Trainee: 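Encoded as structure tokens, here's the structure I'll be asking about.
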Amino acid sequence: MSTSVRGGQLARLLGHWHSLPGRHRSPDYVALAGAVRGLLADSRLPLGVRLPAERELAGALGISRTTVTAAYRSLRESGHLTSRRGAGSWTTLPAGHRVTSSGLWTPDDDVGMIDMGVAASAAPIELVPAARAAADDLPRYLGSAGYHPTGLPDLRDAVAANYTGRGVPTSAEQILITSGTQQALDLVLRLSVPVGAQVLVETPTYPNALAALAARRARLTTHGLDVADGWDGELLLGALRQVRPRLAYVIPEFQNPTGHLMPAGLRERLVAAAHTTGTELVVDESFVDLALDDREMPPPVAVFDRHSRVVSIGGMSKAYWGGLRIGWIRASAPLVQRLAALRVGVDMASPVLEQLVAVHLLADAATIVAERRGQLRFRRDTLATALGEMLPEWRFVTPAGGVMVWAELDGPISSALARAAEDVGVRLAPGPRFGMDGTLERFIRLPFTLSPEDLTEAVRRIASVRHDLDHVSRTGWRTPAVIA
Ligand SMILES: Cc1ncc(COP(=O)(O)O)c(C=O)c1O
């Protein structure tokens, strides 16, 4: 099933298509077709979406139908639109264009490489004392087999208390401890997404979530986030209502990779819409602890859930340490039992020692998270300053939290830039990694989890190779591009 975009919605997305920079004396239909290609290239208009009828779009844009007809013809000729008589016209990509999003980025495979492919921090200094205290606790557990498929009771209590403290009353029975947030997502998908089921995802989004969805052979519908404004509530809810997906996956806090924070009003409307459409809402709270500015956080999405539509997943990788591999699922107690039964077929249970370390770290959460936030705030500002000085033509919204900047480049060069940066010792995750169809070439994700020195040096090296790419990308600002 495909979604359709209405004339008014497309007109809003197209914005000032008429006067985009770089337009000289081209006819209107060329500008219109170019603007639609631009929306596709930036993933703001998903693939497979049905465009409005020519007459409807002409009306919404206040232009002649002939112009829209010519623009659609041009889009068909370039492979960006497929039409069938009586059925309408769908967005497509020219034949053969595709970029997969399941790249593996490992932190330690090159000594000397500044690795900006991974958006996670080194361990806090509290980790070793917590591990010592956990080792002291261990004898209490050694008399049993050590398998706890739902997690150690003390850790489930601590995680449940955390949710309750955030305004979502939660009992330990509602918590399943997992091997990281990634396993939490995988388990939920295994249980809830039969092969071929429709799933709604944001684009751009976290690449390993796309990999987990690909493993379920889910059919994906996307909602494109705007680089400056984030979610478009009307389009997001519209897509939900049209597709009625089995499941929707969202990252409402400091979204990976855009850094946006979903406002409270949209959270509430999203839960209500999911209830109406029978959609399970999987909310990835990986970055929820990492607000970097003083403004008040919106309530957790689960606050608005009165019908057990929301499954929250989270973990300790971002505020504490990824190497712990501790994550969790918050769901109804019966669902937790079903997920635990499924989990036993995958890895039996999480390691006891790591869970004990997690209990000690969570007991010290106030200190550890405050330190982490202070560190990330400084690093975010260091990265922003370095970008402003050395790559002033790149644009980005300074995120209010999380660990990354989503920068809009001065051309469709992201993959080429990542390749060139590798040669000077910087690993980057290019924009197309965060989408599904080879778009997002004008964006790059820049985490600020490394030391300030490394961040500044990385930007210096990136700026040095950016200059050399000009012959590769003669296309200018705002020119749409599709990379194979
Ligand atoms: C949005 C999101 N979800 C899940 C994960 C995976 O986290 P974990 O290390 O807890 O498995 C990450 C890590 O980058 C992430 O950014």
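Predicted model only: the values in this text are computed from it and were never measured. For ligands, and for the atoms within them, numbers begin at 1 and follow the listed sequence.
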Trainee: Can you tell me the protein heavy atom closest to atom 6 (C) of ligand 1 and the distance?
Mentor: Tyr206 OH, 3.4 Å
Trainee: Give the residue, atom name and distance (to 0.1 Å) of the protein heavy atom nearest atom 16 (O) of ligand 1.
Mentor: Asn256 ND2, 2.8 Å
Trainee: Check for me whether Ser286 has a heavy atom closer than 4.0 Å to any atom of ligand 1.
Mentor: yes
Trainee: Using heavy atoms and a threshold below 4.0 Å, how should the contact between Thr181 and ligand 1 be classified: side chain, backbone, both, or neither?
Mentor: both
Trainee: Between Gln183 and ligand 1, does any nitrogen or oxygen pair lie at a separation below 3.5 Å?
Mentor: no
Trainee: Is the closest basic N to carboxylate O distance between Glu280 and Arg309 below 4.0 Å?
Mentor: no
Trainee: Give the atoms of ligand 1, by number and element, whose distance to some non-hydrogen atom of Phe287 is under 4.0 Å.
Mentor: 1 (C), 16 (O)
Trainee: Considering non-hydrogen atoms of the protein only, which is the closest contact for atom 3 (N) of ligand 1, and what is the distance?
Mentor: Asp284 OD2, 2.6 Å
Trainee: Test your reading of the structure: does Ser179 have an N or O sitting under 3.5 Å from an N or O of ligand 1?
Mentor: no
Trainee: Taking 4.0 angstrom as the limit, do Glu253 and Arg267 come out as a salt bridge?
Mentor: yes
Trainee: Hey, could you give me the OG1/CD distance between Thr258 and Gln255, rounded to the nearest 0.5 Å?
Mentor: 3.5 Å
Trainee: Drop me the distance from Arg217's CZ to Leu220's CG, to the nearest 0.5 angstrom.
Mentor: 13.5 Å
Trainee: At a 4.0 Å cut-off, with the gap strictly under it, does some heavy atom of Arg325 reach an atom of ligand 1?
Mentor: yes
Trainee: Ile177 and Thr150: side-chain contact (heavy atoms from CB on, under 4.5 Å), yes or no, with the steps?
Mentor: CA-CA 6 Å; Ile177 303 299; Thr150 49; over 6 Å; no
Trainee: Considering only the protein, which heavy-atom contact is closest to atom 9 (O) of ligand 1, and what is its distance?
Mentor: Ser317 OG, 2.6 Å
Trainee: Can the ring centres of Trp406 and Phe443 be said to be less than 6.0 Å apart?
Mentor: yes
Trainee: Do the side-chain N and O atoms of Tyr206 and Asp284 include a donor-acceptor pair separated by under 3.5 angstrom?
Mentor: no
Trainee: Considering the heavy atoms of Ile251, write down every atom of ligand 1 situated less than 4.0 Å from one of them.
Mentor: 1 (C)
Trainee: Salt bridge or not between Asp186 and Arg216? Use side-chain N to carboxylate O under 4.0 Å.
Mentor: no
Trainee: Hey, can you tell me if His148 and Tyr141 have their rings parallel, tilted or perpendicular (30° and 60° cut-offs)?
Mentor: perpendicular
Trainee: So which protein heavy atom does atom 14 (O) of ligand 1 come closest to, and at what separation?
Mentor: Lys318 NZ, 2.5 Å
Trainee: For Gly180, take its heavy atoms, then give the atoms of ligand 1 lying under 4.0 Å from any of them.
Mentor: 10 (O), 11 (O)
